[in-house]
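This report refers to the structure that appears directly beneath it.
Chain naming here is simple, since letters A, B, ... match the order of the sequence lines and numbering starts at 1 in each.
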Amino acid sequence: MKSVTAALLLSARHHPSFFGSIARSRLFTTTLRSNSPPEPSAADIYDVVIVGGGPAGCALAGVLGSSAALADARIALVDPGKLADAMQWEPPSDTYLTRTLQITSSNKRYLDSLGLWDQCYVDRVQPYNRAIVTDALGGGKLDLEGAALELEPPPAEGHAAYMIETKNLAGGLLRSLTRSGRRVDIFERAKVVGLSTASEWPVVTLSTEQRLRTRLLVGADGGSSLVRKHAQIGTYGNKYGQYGLVATLCLEQLNQTAFQRFLPSGPIALLPFPGGFANLVWSLNADLVQLLKTAPEDAFASLVNAAFRLSPPEMEYLYSLARAGATAGEIKAETKWRLSVHANNHTDAESCLPPIVAATSPRSRTSFPLHMRVVDRLVAERVALIGDAGHVMHPLAGQGLNMGLEDVRCLAAVLEQAVLAGEDIGTLAVLSRYNKQRYLRNLAMQGVVDKVWHVFGANASPIVSARSLVMNALDCLPSIKRRLVRDMMT
Amino acid sequence: MNRTRTQFIRSHLADLSRLPVNETQGRSWISGRRLVDVGCGGGLASESLARLGMRVLGVDAAKENVEMARIHAQRDPALKYLEYVQSTAEQLMEKEAFDVVVSLEVIEHVADPMAFVKSLVDLAKPGASIFISTMNRTPIAAFVDVLVPEYLLNVVPRGTHDIKKFIKPTELSQMLRAVGAETLDTKGLVLDPINNQSNYIMAARKTK
């Protein structure tokens with residue numbers, strides 16, 4: 001009891017409103033339950049149990065928790081992590097985190113309209129309206145600029161997309177969940193240790209020894225979803241054999257444009273953040289990832305500048321220098337010389353180049369494997385999948401969470417309509433409507449992203465010429481560009 | 001069809017309540033009301049109506065139907081205010097006890113439709129809502145509800161429906177008026193939502 005009281009006081013002191021908000025939404029952690037220990041045999045009955053407290057799971061919890069039609073539904077959110085900590089995340093003052101998300105304007109407006117956006121640190125979010133995509137081998141260029149496209153009607157906020165740190169969005173969503181008006185029971189530090197359908201309804205057994213019996217089980221538990229495995233939903237994936245190398249960079253000037261360049265070794269992307277910071281996502285093979293992760297930080301910054309400007313053979317030469325153990329000074333000198341030659345020869349190229357990277361944020365480089373995962377279907381009896389549990393794709397188009405948020409929107413609408421027709425929301429009759437609307441859309445997006453990866457990964461010259469031709473042609477067609485940008489914003 | 005019928009019943013009751021839309025989305029506005037489902041069969045409609053929040057009594061003359069409905073309802077904890085009783089409408093002792101009286105796809109099977117309508121209205125409190133759904137007596141209904149299921153696809157036993165017993169909406173309205181209930185709305189189901197050419201559901205209200 002003593003430690004529990006201490007924990008309660010501790011959390012109250014650090015976050016005064018946190019303690020008061022418990023009354024509305026219940027937060028179960030092993031430290032906060034102070035009364036009798038849970039009955040291991042009795043199961044609590046819920047209408048919806050969401051497994052996975054990442055952005056997709058939290059967004060769904062927030063939407064369902066504030067839905068008038070679901071006012072009497074019991075909703076739970078389960079996560080193995082320390083959600084109380086995630087809720088109280090303090091952003092670093094001198095850098096940005098490397099795991100970030102792109103959110104389309106339409107998804108941001110959806111979250112905002114439900115009061116799920118304003119708890120994020122909004123000054124750390126970068127709205128942007130321009131993306132420049134180039135192809136190193138073929139010389140193609142695509143400049144998508146919202147302002148120049150004269151969209152009709154003009155967009156409400158004037159921005160096609162937003163860049164946000166994952167922890168910022170996750171924390172903001174969790175804080176919104178515990179505000180008044182949301183009726184979600186949050187089970188944190190609770191790992192799912194068992195899933196069964198003994199009596200028709202799924203029963204989730206947690207590491208805290210609590211058991212939850214639910215009408216509908218939602219898998220929001222990521223690419224290697226346990227819920228998906230339990231539902232025996234078939235999945236197949238494609239390892240790209242590549243890794244995403246991410247880092248936080250400091251630019252020489254402020255920037256509000258997203259840049260992406262396709263190199264034979266994989267696409268490199270520079271995504272804008274406030275204050276002259278940028279998020280780097282560089283897709284590379286295992287050996288190059290190792291090389292670049294361990295290169296000295298100032299050399300790394302030079303190599304990023306080079307990757308956006310120099311030709312592929314020149315990049316290969318720089319890699320070989322690094323492999324041979326050249327010092328930071330040597331790499332920087334070589335890069336600097338080559339970049340100056342490049343600048344002399346390409347005076348008109350400035351407009352589609354990102355600002356120069358001045359420095360790498362200390363110790364910010366990290367990597368993760370890239371793959372694509374496709375599922376047979378998004379639903380099973382009393383089970384629905386949202387977010388990465390239902391689809392994983394290459395980050396080159398920034399669409400992963402956007403598809404996840406569209407899943408949330410669709411599932412919430414389907415469930416609301418079902419409740420208003422007196423239906424049992426866990427039946428396949430209801431869930432199939434969600435599957436029908438989202439399955440093909442997700443598959444199409446994954447397909448496009450995958451094709452883009454393959455098309456731009458090819459080195460054969462007919463493919464290179466063709467893709468550059470298409471890119472440049474697209475660049476000259478404002479009507480199609482307008483359509484592309486409008487799709488993201490509405 | 002059950003989904004459309006439930007949606008029709010819910011939205012009609014919501015409109016009558018004159019409450020703002022956001023207050024008629026949940027269950028609290030409707031939770032005290034008693035509904036009787038006459039000729040509930042296996043309980044498909046009773047369950048949907050009970051999930052909307054009302055206290056539902058499912059009534060059927062056949063014992064097997066009532067038993068089956070009870071067993072099915074036990075599977076869902078949300079159906080704790082759903083009860084079943086084996087009876088006909090006339091035999092039910094609780095007259096004028098219900099806020100909503102519902103009878104779906106029953107009247108086309110009874111021997112005396114006029115007496116049946118009276119028994120339904122007798123169960124309703126004054127001012128209560130009455131919902132009846134059945135098949136229209138049109139060539140299209142004969143095709144959709146008899147020829148196709150009973151003679152072409154053979155999914156329904158022959159003789160289940162007698163087209164002579166199909167009732168036109170105007171006829172049903174007249175029957176209701178004769179026993180003190182005013183028709184408020186009619187909606188076509190299945191094939192023809194606007195002109196009610198095959199199945200339809202009618203909403204009426206018992207005047208004092």
Side-chain angles (χ1 to χ4, degrees), chain A residues 42-49 63-76 113-115 181-184 197-204 211-217 381-382 412-434 436, chain B residues 1-15 17 19-33 35 37 40 42-56 58 69 71-82 100 102 104 131 187 189 201:
Chain A
D44 242 343
I45 299 182
Y46 281 88
D47 291 287
V48 184
V49 168
V63 173
L64 297 181
S66 53
S67 157
L70 287 149
D72 303 283
R74 291 200 74 206
I75 304 163
S113 69
L114 295 165
R182 318 257 172 209
R183 300 156 269 99
V184 180
T197 39
S199 53
E200 206 191 282
W201 281 30
V203 176
V204 183
R211 292 169 72 230
L212 313 175
R213 192 167 155 241
T214 180
R215 185 185 295 276
L216 171 64
L217 179 64
E381 191 73 33
R382 302 200 181 278
V414 165
L415 295 182
E416 284 183 328
Q417 280 168 20
V419 165
L420 293 177
E423 294 178 281
D424 176 352
I425 56 175
T427 54
L428 267 177
V430 172
L431 297 176
S432 307
R433 294 169 209 149
Y434 163 69
K436 202 153 73 158
Chain B
M1 185 159 73
N2 188 54
R3 187 166 186 242
T4 318
R5 291 185 313 209
T6 314
Q7 287 170 326
F8 175 79
I9 291 171
R10 198 203 72 83
S11 68
H12 182 86
L13 292 173
D15 288 345
S17 75
L19 291 168
V21 172
N22 61 323
E23 281 178 37
T24 58
Q25 300 284 298
R27 305 219 289 247
S28 48
W29 67 286
I30 208 176
S31 64
R33 302 201 201 177
L35 180 150
D37 181 10
C40 61
L44 182 63
S46 305
E47 288 193 3
S48 302
L49 296 164
R51 279 197 201 96
L52 290 182
M54 293 180 276
R55 292 170 184 267
V56 173
I71 291 172
H72 194 265
Q74 271 161 12
R75 289 152 76 176
D76 188 343
L79 299 174
K80 58 181 186 231
Y81 293 118
L82 171 57
V100 186
V102 155
L104 308 171
F131 295 91
K187 181 182 167 77
L189 303 168
I201 183 169

Presence of salt bridge, A:Glu423 and B:Arg51, under 4.0 angstrom: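 No, B:Arg51 and A:Glu423 are not salt-bridged.
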
Chain A heavy atoms under 4.5 Å from [X]: which part of the residue, side chain, backbone, both or neither?
X       : result
B:Ala78 : both
B:Arg10 : side chain
B:Ser28 : backbone
B:Arg5  : neither

Choice from B:Gly26, B:Gly53, B:Ala14, B:Ser48 maximising heavy atom contacts with chain A below 4.5 Å: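 Among B:Gly26, B:Gly53, B:Ala14, B:Ser48, the one with the most close pairs to chain A is B:Ser48.
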
Worked check of side-chain contact (heavy atoms from CB on, under 4.5 Å) between B:Gln25 and A:Leu70: CA-CA 8 Å; B:Gln25 300 284 298; A:Leu70 287 149; over 6 Å; no

Atom pair CG/CG of A:Asp72 and B:Leu52 - distance to nearest 0.5 Å: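 CG of B:Leu52 is found 11.5 Å from CG of A:Asp72.
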
At a 4.5 Å cut-off on heavy atoms, which part of [X] comes close to chain B: side chain, backbone, both, or neither?
X        : result
A:Leu420 : both
A:Gln417 : both
A:Asp424 : both

